[in-house]
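If you're wondering where the values come from, they're calculated on a predicted model, not measured in any experiment. Every number for a ligand or one of its atoms is a count from 1 in the order of the listing. Side chains included, hydrogens not; waters and symmetry mates left out as well; all remaining heavy atoms used.
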Amino acid sequence: MRTGEVLILMGPPGAGKGTQAERLAASRCLTKLSTGDMLRDHVQRETELGLKARAIMDRGDLVSDDLIVAMVRSELETQEPVRVLLDGFPRTTPQAEALDTLLAEFNSEVSAAIALDVVEDVLVQRLLGRAEQEGRSDDNEETIRKRMHVYNEKTAPLLRYYQVRCCLSVIDGVGSMDEVFDRISEVLP
Ligand code: ADP
């Protein structure tokens with residue numbers, strides 16, 4: 001039986017990572033680690049990390065690699081074998097390199113990376129719609145544009161990182177939640 005499994009779900013803000021991450025983790029018995037959710041939890045509890053992260057998140061920038069990697073490490077330490085779905089991490093090349101090192105320490109490695117592909121206009125519409133429903137403090141047009149820019153600059157290069165290392169699938173993220181979920185399931189071993 002396969003024991004360890006590390007799936008990475010990537011995609012720009014609004015691509016539907018959170019929703020798909022939830023379903024994929026449940027269907028494959030993986031622990032979902034969403035760095036965005038973990039950070040929002042810190043912000044809400046007003047921890048030291050949360051106090052540092054709040055302003056950075058509200059302006060659409062990335063929290064520092066060191067803080068993020070430390071946060072992920074403490075989660076992975078509770079896992080044996082490592083069975084996780086990573087949502088929103090890694091987001092920079094140093095984070096991807098740190099993940100490889102961390103996983104090697106835990107005798108594990110990335111099993112597959114999925115990138116959800118959605119054009120920018122659709123993303124902005126989705127996020128503005130979500131802003132009305134959920135009121136997330138970084139879902140205003142200015143911060144959304146900034147997050148897109150940061151994604152294109154810092155995170156999009158990671159697609160190539162995983163493409164050359166084995167395991168990237170780019171999935172069309174436009175369609176119903178079920179359609180997208182089926183597309184992802186089809187490419188996973
Ligand atoms: P989205 O993908 O819609 O931007 P997330 O919930 O994944 O939403 O992230 C929200 C914010 O949290 C990001 O804009 C960033 O400030 C911070 N964040 C989340 N994950 C990371 C990460 N891996 N590295 C740095 N910052 C992160």
Chemist: Under 4.0 Å, heavy-atom basis, I'd like to know which part of Thr92 is in contact with ligand 1: side chain, backbone, both or neither.
Modeler: neither
Chemist: Between the side chains of Asp37 and Lys32, is the shortest nitrogen-to-carboxylate-oxygen separation below 4.0 Å, so that they form an ion pair?
Modeler: yes
Chemist: What's the shortest distance from atom 12 (O) of ligand 1 to any protein heavy atom, and which residue and atom give it?
Modeler: Met57 CE, 3.4 Å
Chemist: Check whether any side-chain heavy atom of Pro90 lies under 4.5 Å from a side-chain heavy atom of Tyr162, and answer yes or no.
Modeler: yes
Chemist: Need the ligand 1 atom indices (1-based, order shown) with element for anything under 4.0 Å from a heavy-atom of Arg40.
Modeler: 6 (O), 10 (C)
Chemist: Given the rule that I, L, V, M, F, W and Y join up when any side-chain heavy atoms are under 4.5 Å apart, are Leu85 and Met38 in one cluster?
Modeler: no
Chemist: Check the pair Asp178, Arg23 against salt bridge (Lys or Arg N to Asp or Glu O under 4.0 Å), reporting the backbone distance first and the verdict last.
Modeler: CA-CA 10 Å; Asp178 286 343; Arg23 293 184 59 170; 2.8 Å; yes
Chemist: Does the cation-pi check pass for Arg165 over Tyr161, that is, NZ or CZ under 6.0 Å from the six-membered ring centre and within 45° of its axis?
Modeler: yes
Chemist: For atom 20 (N) of ligand 1, what's the nearest protein heavy atom and its distance?
Modeler: Thr35 OG1, 2.8 Å
Chemist: I'd like to check which ligand 1 atoms, numbered from 1 as shown, lie under 4.0 Å from a non-hydrogen atom of Val63.
Modeler: 25 (C), 26 (N)
Chemist: Find the distance between CG (Asp58) and CD1 (Ile56) and round it off to the nearest 0.5 Å.
Modeler: 10.5 Å
Chemist: Short N/O distance, under 3.5 Å, between Ile68 and ligand 1?
Modeler: no
Chemist: Does Arg130 come within less than 4.0 angstrom of ligand 1, counting non-hydrogen atoms of the residue?
Modeler: yes
Chemist: Examine the proximity of ligand 1 to Arg147 and report which part, side chain or backbone, both or neither, has a heavy atom under 4.0 Å away.
Modeler: side chain
Chemist: For ligand 1, which atoms sit closer than 4.0 Å to a heavy atom of Leu39?
Modeler: 12 (O), 17 (C), 18 (N), 19 (C), 27 (C)
Chemist: Please determine which of Val180, Ile171, Val174 meets the side-chain contact (heavy atoms from CB on, under 4.5 Å) test together with Val118.
Modeler: Val174
Chemist: N/O to N/O below 3.5 Å, does that happen between Asp37 and ligand 1?
Modeler: no
Chemist: Of all the non-hydrogen atoms in the protein, which one sits nearest to atom 16 (O) of ligand 1, and at what distance?
Modeler: Asp61 O, 2.5 Å
Chemist: Looking at Lys17, which atoms of ligand 1 are within less than 4.0 Å of one of its heavy atoms?
Modeler: 2 (O)
Chemist: What is the closest protein heavy atom to atom 9 (O) of ligand 1, and at what distance does it sit?
Modeler: Arg91 NH2, 3.4 Å
Chemist: Do the charged groups of Asp139 and Arg147 touch, with an N to O distance under 4.0 Å?
Modeler: yes
Chemist: Inspect the contact between Glu105 and Arg73 and indicate whether a charged nitrogen and a carboxylate oxygen are less than 4.0 angstrom apart.
Modeler: yes
Chemist: Determine, using heavy atoms of Arg136 and all atoms of ligand 1, whether some pair is separated by less than 4.0 Å.
Modeler: yes
Chemist: Do you know the tightest heavy-atom contact between Leu123 and Pro13?
Modeler: CD2-O, 3.4 Å
Chemist: Short N/O distance, under 3.5 Å, between Gly60 and ligand 1?
Modeler: no
Chemist: Below 3.5 angstrom, do we get any N/O pair linking Gln95 and ligand 1?
Modeler: yes
